[in-house]
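Working notes for the structure below.
Proteins come first, then strands; the chains are lettered A, B, ... in the order of their sequence lines, and each starts at number 1.
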Amino acid sequence: MSRFKDKKGKGTPAISTASLPDIIFMLLFFFMVTTVMREVDLLVKISLPEASEVTKLEDKALVDYIYIGPPSESYLGTEPRIQLNDQFARLDEIDAWVKLGTERRDEVLQPKITRSLKVDKETNMKIVTDVKQELRKSNALKINYSSSQGG
Amino acid sequence: MLRKKRREGPGEINAGSMADIAFLLLIFFLVTTTMDTDAGILRLLPPIVDDMENIDKVKDRNVYIVLINDADQLLVEGEPMDIKDLRAGAKEFMTNPTNAENLPEKTRITAAVCREQIAFNRSYLAGATEDEDRVRFQKEIDRWEDKLLAVELLGEFMELPNSAVISLQTGSKTSYNMYVQVQNELEAGIRELREDLSREKLGRRFSELNDKDEDDQKLIKAIRMVYPQRISEAEPVDVSRRNQ
């Protein structure tokens, strides 16, 4: 009887949490290595189309993004809008944006700049075609139709 | 008493909060970073051409016209088509296996033809006086030398005419998703042709050729020459208006 009582008093020993920081640090390093910093706050809702024949864009430093989709804030309506950098833009602002992006880079790298179109899959082609025409006019010919791998 | 204290040294720092600090850092990184690696379908837009009149009229048989209307339906070469069949259609256009009248006429490229053309152009180049002509002949020589290299690597092949192109046109209300799907199918068709060629002639997969290796680079270039990716993003034509 006395032996039984003794055991109950001790209970199970506490699990050591000494290795918890190590585990968390491992997770932390994993995320630090595999992810990249978010560069812009998206003002438009984008769900990318799926495609199977995708190429990965190797050099992130040589990619500029154009976002097209319905605004995330519902009071702005559902008409698709263009977002360049951190703000909405009109079609005629694309040219200046392209120039800015080109001048920012070294001359040697300038022809390698890709403009990646991140377009919501429900968008009509009209706005996409217009943007493409603008890009052609400003001689930004290398483009990428951003899509998620699948299908 | 004094001795005992010294042996103990300074007390251990409590590491209990280490986990909390690490958690904070972890959550910070989770919030501020994104996982998405950007991938997509790469395309080269054609440069703006000022005078459209000087462009040569391309033979009908050399253009594979894919129209997508406002209701996301496909019209390929004048016939309605399901997107499932588009891949096969593109492959047929690129290969023209039956030498059909309405598909591009392919020319057989052999080593002899290449050597003959190089010799021809060399003699022209030697006789040319104008700079413009010299540049043109030199370009021709380079082009045929590339072909000769391709023949040496892959054997004789049937070459598509230079003007052969897949032309993709959309309506203004076509959904972007459909457009990407069509682009994807066309791309897949060309990739499959390249894979088949690579497996047949080299016994290797095209996707496994290393584009940093010099020999493989030549092979990739040769295979791309046999099945070039010519998907035209040319002048937007409003499909809906076209049909009226």
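The closest donor-acceptor contact from the side chain of B:Asn177 to the backbone of A:Pro49 lies at 3.5 Å or more, if one exists at all.
If you measure heavy-atom distances from A:Phe29 to chain B, you find no contacts under 4.5 Å at all. Interface residue A:Val128: only side-chain heavy atoms are found under 4.5 Å from chain B. For chain B, the nearby part of A:Ala140 is the backbone; its heavy atoms alone come within less than 4.5 Å. Contacts between A:Asp120 and chain B at a heavy-atom distance below 4.5 Å involve the backbone alone (N, CA, C, O). The part of B:Gln181 that comes within reach of chain A is its side chain, from C-beta onward, which places non-hydrogen atoms under 4.5 angstrom from that chain.
Other residues, nucleotides and ligands contribute at most 12 non-hydrogen atoms within 6.0 Å of the NZ atom of A:Lys126. Counting non-hydrogen atoms of other residues, nucleotides and ligands closer than 6.0 Å to CE of B:Met18 gives a total of 12 or fewer.
Between A:Lys121 and B:Ser175, the shortest heavy-atom contact is O-CB, 4.1 Å. The two residues B:Leu44 and A:Lys142 have their closest heavy-atom pair at CD1-CG, 3.7 Å. When all heavy atoms are compared, the tightest approach of B:Ala19 to A:Leu20 is CB-CD2, 3.8 Å.
No option in A:Val119, A:Leu48, A:Ile68 other than A:Val119 meets the side-chain contact (heavy atoms from CB on, under 4.5 Å) test with B:Tyr176.
Note that the CE atom of A:Met125 and the CD atom of B:Gln169 stand 11.5 Å from one another [nearest 0.5 Å]. A distance of 10.5 Å separates CG of A:Leu28 from CG of B:Leu24, quoted to the nearest 0.5 Å. Taken from CG in A:Asn144 to CD1 in B:Ile41, the straight-line distance is 8.5 Å, to the nearest 0.5 Å. Rounded to the nearest 0.5 angstrom, A:Ser116 OG and B:Leu42 CG are separated by 8.5 Å.
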Using the rule given for side chain to side chain contact (heavy atoms under 4.5 Å, CB included), can you reason through B:Leu45 versus A:Lys132, listing the C-alpha separation, both sets of side-chain angles and the distance that settles it, and then say yes or no?
CA-CA 8 Å; B:Leu45 296 173; A:Lys132 266 163 58 185; 4.0 Å; yes

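Among A:Asp22, A:Asn139, A:Thr123, the residue with the largest count of heavy-atom pairs under 4.5 Å with chain B is A:Thr123. Of the listed residues A:Thr34, A:Thr114, A:Leu135, A:Thr35, the one with more heavy-atom pairs under 4.5 angstrom with chain B than any other is A:Thr35. Considering only heavy-atom pairs separated by less than 4.5 Å from chain A, the leading option among B:Ala22, B:Ala188, B:Ser17, B:Ala39 is B:Ala39.
B:Leu26 has its side chain within reach of A:Phe31: a pair of non-hydrogen atoms, C-beta onward, lies under 4.5 Å apart. Contact annotation: the side chain of B:Asp38 approaches that of A:Lys118 to within less than 4.5 Å [non-hydrogen atoms, C-beta and beyond].
Side-chain atoms of B:Ser172 and A:Asn124 include no donor-acceptor pair closer than 3.5 Å.
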